[in-house]
Amino acid sequence: MDPFARDVFAIVRAVPAGRVTTYGAIAEAIGQPRGARRVGWVLNKSFRVLPPVPAHRVVNRLGLLSGAVHFPEDHSMAALLAAEGVVTEGGRIVDFEAAFWHPVNELRE
DNA sequence: CATCTGACCTAGT
DNA sequence: AACTAGGCCAGAT
């Protein structure tokens, strides 16, 4: 599998429930600070991979649910987040700063 | 085969 | 502060 995609999946799976991260932060953690756009592309394929990838915990840097349209109606991005305690309003995360989880800071071992 | 298009972001003007 | 341009690169047209 594409190593880039593999890294993206690994990082997204590491995001704790109730927290969120961003495309740019993931790209940065991988070592490609300008590759944010690719991260989004990889997440498109993430629906059919196993184990499942919690792609709903990834938003853009403004806290907007820019990928919400790609989720099925019965499991909307906002609903999945709400089930984990992340409050959204009008397609945007309330108190985004507090919910933000930065892979570079949190994932270091 | 050549463009166009994104679940984006930064840097320059 | 608003705006543009550029980088990223696989799929779709």
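In this text, all values refer to a predicted model and were calculated from it rather than measured experimentally. Lettering of chains follows the sequences in order, A, B, ..., and the numbering in each one begins at 1.
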Inset, instruction - Using modelled atom types only, decide if a donor and an acceptor are shared between the side chain of A/R57 and the backbone of A/W101 within a distance under 3.5 Å. - result: no

Inset, instruction - Let me know the distance between CH2 of A/W41 and C1' of B/dC8, rounded to the nearest Å. - result: 15 Å

Inset, instruction - Remember a base hit wins even if backbone is also touched, and classify A/G35 as base, sugar-phosphate or nothing at under 4.0 Å, heavy atoms. - result: nothing

Legend entry - Separation of the P atoms in C/dA1 and B/dC8, to the nearest angstrom: 23 Å

Inset, instruction - On DNA chain C, reading 5' to 3', which nucleotide is the first and which the last to sit with an atom under 4.0 Å from a heavy atom of chain A, could you check? - result: C/dG7 to C/dG11

Inset, instruction - Decide whether A/I30 and A/Y23 are clustered together by the hydrophobic rule: side chain heavy atoms of Ile, Leu, Val, Met, Phe, Trp, Tyr closer than 4.5 Å, transitively. - result: yes

Legend entry - DNA chain C: 5'-proximal contact among A/A36 and A/K45 (nearest heavy atom): A/A36

Inset, instruction - Rounded to the nearest angstrom, tell me the gap between atom NE2 in A/H102 and atom C1' in B/dC9. - result: 12 Å

Inset, instruction - Given side chain to side chain contact (heavy atoms under 4.5 Å, CB included), test A/H102 with A/E28 step by step and report yes or no. - result: CA-CA 10 Å; A/H102 203 298; A/E28 182 187 354; 3.6 Å; yes

Legend entry - A/V49 reachable from A/V58 in the ILVMFWY side-chain graph, under 4.5 Å edges: yes

Legend entry - Atom P, compared across C/dA10 and B/dT10: separation rounded to whole Å: 22 Å

Inset, instruction - Can you tell me the distance, in whole Å, between the CD atom of A/E28 and the C1' atom of B/dC8? - result: 13 Å

Legend entry - Separation of B/dT10 P from A/Y23 OH (nearest whole Å): 14 Å

Legend entry - Atom-pair distance (CG on A/L65; C1' on B/dC8), nearest Å: 15 Å

Inset, instruction - Following the transitive rule for hydrophobic clusters with a side-chain heavy-atom cut-off under 4.5 Å over Ile, Leu, Val, Met, Phe, Trp and Tyr, establish whether A/V15 and A/V87 coincide in one cluster. - result: no

Legend entry - Phosphate-side-chain proximity, A/T22 and B/dC8, N/O vs OP1/OP2 below 4.0 Å: no

Legend entry - Side-chain (A/R92) to main-chain (A/L64) donor-acceptor, under 3.5 angstrom: no

Inset, instruction - Could you give me the CA-CA distance, side-chain angles and deciding distance for A/F9 and A/V42, then say whether side chain to side chain contact (heavy atoms under 4.5 Å, CB included) is met? - result: CA-CA 9 Å; A/F9 294 152; A/V42 165; 3.7 Å; yes

Inset, instruction - Would you kindly give the CZ-to-P distance between A/R61 and B/dC8, to the nearest whole Å? - result: 12 Å

Inset, instruction - Could you tell me whether A/N44 contacts a base, only the sugar-phosphate backbone, or nothing, with contacts defined as non-hydrogen atoms closer than 4.0 Å? - result: base

Inset, instruction - Between C/dG6 and B/dA7, how far apart are the P atoms? Round to whole Å, please. - result: 22 Å

Inset, instruction - Using a heavy-atom cut-off of under 4.0 Å over every strand shown, decide if A/F47 touches base, sugar-phosphate, or nothing. - result: base

Inset, instruction - Could you tell me the separation between the CZ atom of A/R34 and the P atom of B/dG12, rounded to a whole number of Å? - result: 9 Å

